[in-house]
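Heads up, the thing below is written out as structure tokens.
Residue numbers count from 1 along this sequence. Only heavy atoms go into these numbers, but all of them, side chains included; no hydrogens, no water, no symmetry mates. Every number for a ligand or one of its atoms is a count from 1 in the order of the listing.
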Amino acid sequence: YSNPTCAEGRHTITHLFEWKWSDIAQECERFLGPYGYCGVQVSPPSENRVVTSPYRPWFERYQPVSYKLETRSGNEQQFRDMVERCHKAHVRIFVDLVINHMTGSGDSGTGTGGTHWDGNSLSYPGVPYSNLDFNDGSNCHTGDLNIHNYNNAEEVRNCRLLSMVDLNLGKDYVRGKIADYMNHLIDIGVAGFRIDAAKHMWPGDLTALLGRVHNLNTNYFPSGTKPLVIQEVIDMGGEPIKMSEYFQSGRVTNFIYGIKLAQVFRKQNQAKFLRTWGEGWGMPNSNDIIVFIDNHDNQRGHGGGGGVLTHFEPKPYKMATEFMLAHPYGWTRVMSSYNWDRNIQDGEDRNNWMGPPHNEDMSTKDVTINSDMTCGGGWVCEHRWRQIYNMVAFRNVVHGTPLTHWWDNGNYQIAFARGNKGFIVINAEGSDLNSNLQTGLPQGTYCDVISGNYDNGQCTGASIHVGGDGQAHFQISGGSEDPVIAIHIGAKV
Ligand code: ARE
Ligand code: CA
């Protein structure tokens, strides 16, 4: 379950947070396919509670009502159309799966697909689940049935996360209903899953569940291909539940990664220490994890927060993302956000609930594309920033090569090669960099893919000349908005 399932030569996914299926289909065709992305993590497709206080927050999608594919992102037919069109563009769809719980308790209503639910009597007729399918006082011992103590693994798994009614995945019936949902998605053609709140489910239950899940659809994948599984387990080292408990059922989210890189690019920890980045920093094996600079939770102070970099600080954010995509460690995910008006009071954003750009009837707005390829209408589209998409291509080109020719100035200026295929120089120092460095690349002229593009055999930004000895001269001004140079053999003039 840890094989990425990407089409040949593609190695990075992007999370198109809250996008509509129809927009994702277009994005696969017009951008993600041509620019070398492997796939898209989509927001939960299952029918959710309509939350009205606050009004239609993004997080209502993490409160399922049924497994009917009907949300603000679209219906089942639109979902199917997206999967098919993305496949034609060689782009995979990875589904965010909310299976630990249903809605918040103590309320009732009608979901985005018109299905009734009752969180008092624990009745979810759209699946159907009844009170027999949830954890209760017999295995959760906190009194109010909510999780209070993350130092008690049993409580974390058997009690209610944020007071949402907690499914009992130990039950065969529950596993069967979830497996039916997953198999429905697999038969449509999805490539894998992000499992929300995996920490709150027993590893053994997840393995048993996966045992009932089909191999991927052979219209799109080689026969015998297992879905990719990304398990959301926030493990910063201080709790009894460890990432390693989940490696048997797929990859795990590496949350420490973005926090540590934020410290470096905020100049709280010297960049020279990145020489041993990866397993050398005590992080898990590269093949067991997924790495990212920020996610939809911690970019807005949810899910543990932790001072990560986001699109609100574009300069260090781009630098951290460039480093991530150039470095061999981990399987990479690029966040793609929408904007909202932050209202920070006492260190907390009072507006961190705000949903995606919407019309008056609360339907999600179309993504608009500007003439310079960036997005409009409130969509940030980090995945379309030149410095980011060109590094996605860099990663594809250098895939499989080791990190070589490490150089640093003893402080915040670093550089390294990927075999004889690519080279990156990062100046996080704030003062000028002016150095001759060994790139390991064949002689020739290369486009710097940070300051511009490789376009019809020409560089629209700076060019770098590599000599017969592999050396090149690099100059990066300390005050530059983009103090990075990256070159690779796919962008040689
Ligand atoms: C909302 C309201 C709650 C309300 C609930 C039910 O905010 O006040 O009780 O609804 O009515 C998202 C939002 C939540 C939201 C929820 C449902 O973030 O605010 O609740 O949707 O609408 C833990 C989990 C981790 C989880 C984070 C948020 O371990 O799995 O909390 N992250 C995922 C998603 C979220 C999503 C959910 C799970 C729920 O990515 O987007 O919630 O499906 C330490 C621990 C972590 C812990 C963290 C925060 O760091 O180590 O394990 O994360 O603290 O508590
Ligand atoms: Ca649970």
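Under the 4.5 Å side-chain criterion, counting only non-hydrogen atoms from C-beta, Trp277 is in contact with Leu261. Side-chain contact between Trp385 and Cys375 is absent, with no heavy atoms from C-beta onward closer than 4.5 Å.
Looking at atom 48 (C) of ligand 1, its nearest protein heavy atom turns out to be Gly304 N, 3.7 Å. The closest protein non-hydrogen atom to atom 5 (C) of ligand 1 is Leu162 O, 3.4 Å. Ranking protein heavy atoms by distance to atom 10 (O) of ligand 1, first place goes to Gln63 NE2, 3.1 Å. In terms of protein heavy-atom proximity, atom 47 (C) of ligand 1 is nearest to Tyr150 OH, 3.8 Å. Scanning all protein heavy atoms for the shortest distance to atom 22 (O) of ligand 1 gives Phe59 O, 2.6 Å. For atom 44 (C) of ligand 1, the closest heavy atom belonging to the protein is Glu239 OE2, 4.0 Å. Closest protein heavy atom to atom 32 (N) of ligand 1: Glu232 OE2, 2.9 Å. Of the protein's non-hydrogen atoms, Asp196 OD2, 2.7 Å is the one closest to atom 43 (O) of ligand 1.
For ligand 1, the atoms closer than 4.0 angstrom to any heavy atom of His101 are 39 (C), 43 (O). The atoms of ligand 1 that sit less than 4.0 Å from any heavy atom of Ala197 are 30 (O). Taking every heavy atom of Met164 and a limit of under 4.0 angstrom, the matching atoms of ligand 1 come to 6 (C), 17 (C), 39 (C). Using a 4.0 Å cut-off to heavy atoms of His302, the atoms of ligand 1 that qualify are 13 (C), 14 (C), 18 (O), 19 (O). Set against the non-hydrogen atoms of Ser163, the atoms of ligand 1 under 4.0 Å away are 9 (O). Of all atoms in ligand 1, numbered sequentially from 1 with element shown, those under 4.0 Å from a heavy atom of Trp58 are 12 (C), 13 (C), 18 (O), 41 (O).
Heavy atoms of Arg61 come nearer than 4.0 angstrom to ligand 1 in no pair at all. Within the 4.0 Å heavy-atom cutoff, Phe255 does not count among the residues contacting ligand 1. Residue contact annotation: His200 has a non-hydrogen atom under 4.0 Å from ligand 1. Distances shorter than 4.0 angstrom occur between a heavy atom of Arg194 and an atom of ligand 1.
The one candidate from Phe312, Trp353, Phe17 that meets the ring pair (Phe, Tyr, Trp, His ring centres under 6.0 Å) condition with Trp340 is Phe312. The side chain to side chain donor-acceptor pair (under 3.5 Å) test with Arg49 is passed by exactly one of Thr110, Thr112, Asp107: Asp107.
Checked against a 3.5 angstrom limit, the closest N/O atoms of Leu161 and ligand 1 fall outside it. Taking distance alone, with nitrogen or oxygen atoms compared against 3.5 Å, Asp297 approaches ligand 1 more closely than that limit.
Under the 30°/60° scheme for interplanar angles, the aromatic rings of His87 and Phe221 are found to stand perpendicular. Relative orientation of the His296 and Tyr62 rings is parallel, given thresholds of 30° and 60° on the angle between their planes.
Residues Phe292 and Phe255 place their aromatic rings such that the two centres sit under 6.0 Å apart. Taking the ring centroids of Trp202 and Tyr246, they lie at or beyond the 6.0 Å cut-off.
Only protein N, O or S atoms were scored, and 5 of them lie under 3.0 Å from the Ca ion (ligand 2).
Side-chain polar atoms of His200 and Asp166 form no donor-acceptor pair below 3.5 angstrom. Checked by atom type, the side-chain pair Gln41/Arg333 shows a donor-acceptor distance below 3.5 Å. For Ser73 and Ser43, the side-chain atoms include no donor-acceptor pair closer than 3.5 Å.
Stacking of Arg384 on the aromatic ring of Tyr389 is not recorded, the 6.0 Å distance cut-off and the 45° axial limit not both being met. For the pair Arg300 and Tyr338, the cation-pi test (distance below 6.0 Å, angle within 45°) is passed.
Salt-bridge formation is detected for the pair Glu245/Arg157: a Lys NZ or Arg NE/NH1/NH2 atom is positioned less than 4.0 Å from an Asp or Glu carboxylate oxygen. With respect to the salt-bridge test (charged N to carboxylate O, under 4.0 angstrom), the residues Arg72 and Glu18 do not qualify.
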Q: Apply ring pair (Phe, Tyr, Trp, His ring centres under 6.0 Å) to the pair Tyr412 and Phe273, showing each step before the final yes or no.
A: CA-CA 9 Å; Tyr412 281 97; Phe273 295 123; 9.2 Å; no

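For atom 18 (O) of ligand 1, the nearest protein heavy atom lies under 4.0 Å away.
One option in His296, Glu60, Lys199 has a heavy atom closer to atom 52 (O) of ligand 1 than any other, and that option is Lys199.
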